[in-house]
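See structure below.
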Amino acid sequence: PFINFGYNRAQMKSMISSKLYRAGSTNTGNAINQAIAKIMSRKFPNGLPKLLVILTDGQSQDNVTYVSAHAKSHGITLFCIGIGSQINKG
């Protein structure tokens, strides 16, 4: 989901904590694609960096290579953070 983090650390932490975890398949490519669409639909001031932070709990069931390159082509910088016990497996 898209989160507008505001301007301070406390607000950002509160927004992240409010998001529900949905169990099921990990479709990181689909999530990146949806985030690209949301980012590109907004009018950001010139020079404002476009950052996408991905929190994932495991290996994606879909392809992330193409959508990652697509994000980069739109000037979006990706950061991926693995969380949980299933990272670095497989």
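Treat the numbers as computed from the prediction; the structure is a model and nothing was measured.
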For [X], all residues meeting side-chain contact (heavy atoms from CB on, under 4.5 Å), sequence neighbours excluded:
X     : answer
Ser25 : Asn27, Gln61
Ser68 : Ile32, Val64, Leu78
Thr77 : Leu51, Phe79

Next on the checklist: Once rounded to the nearest 0.5 Å, what's the spacing between atom OG1 of Thr28 and atom CG of Asn63?
Outcome noted: 10.5 Å
Item to check | Leu52 CG to Ile39 CD1 distance, which is reported to the nearest 0.5 Å | outcome: 5.0 Å
Item to check | Residues which pass side-chain hydrogen bond (donor to acceptor under 3.5 Å, both in side chains) with Thr26, listed by chain and number, not counting sequence neighbours | outcome: Asp57
Next on the checklist: Could you work out, with side-chain hydrogen bond (donor to acceptor under 3.5 Å, both in side chains) as the rule, every residue matching Ser60, not counting sequence neighbours?
Outcome noted: Asp62
Checklist entry - What orientation do His74 and His70 show, parallel under 30°, tilted 30 to 60°, or perpendicular over 60°? => result perpendicular
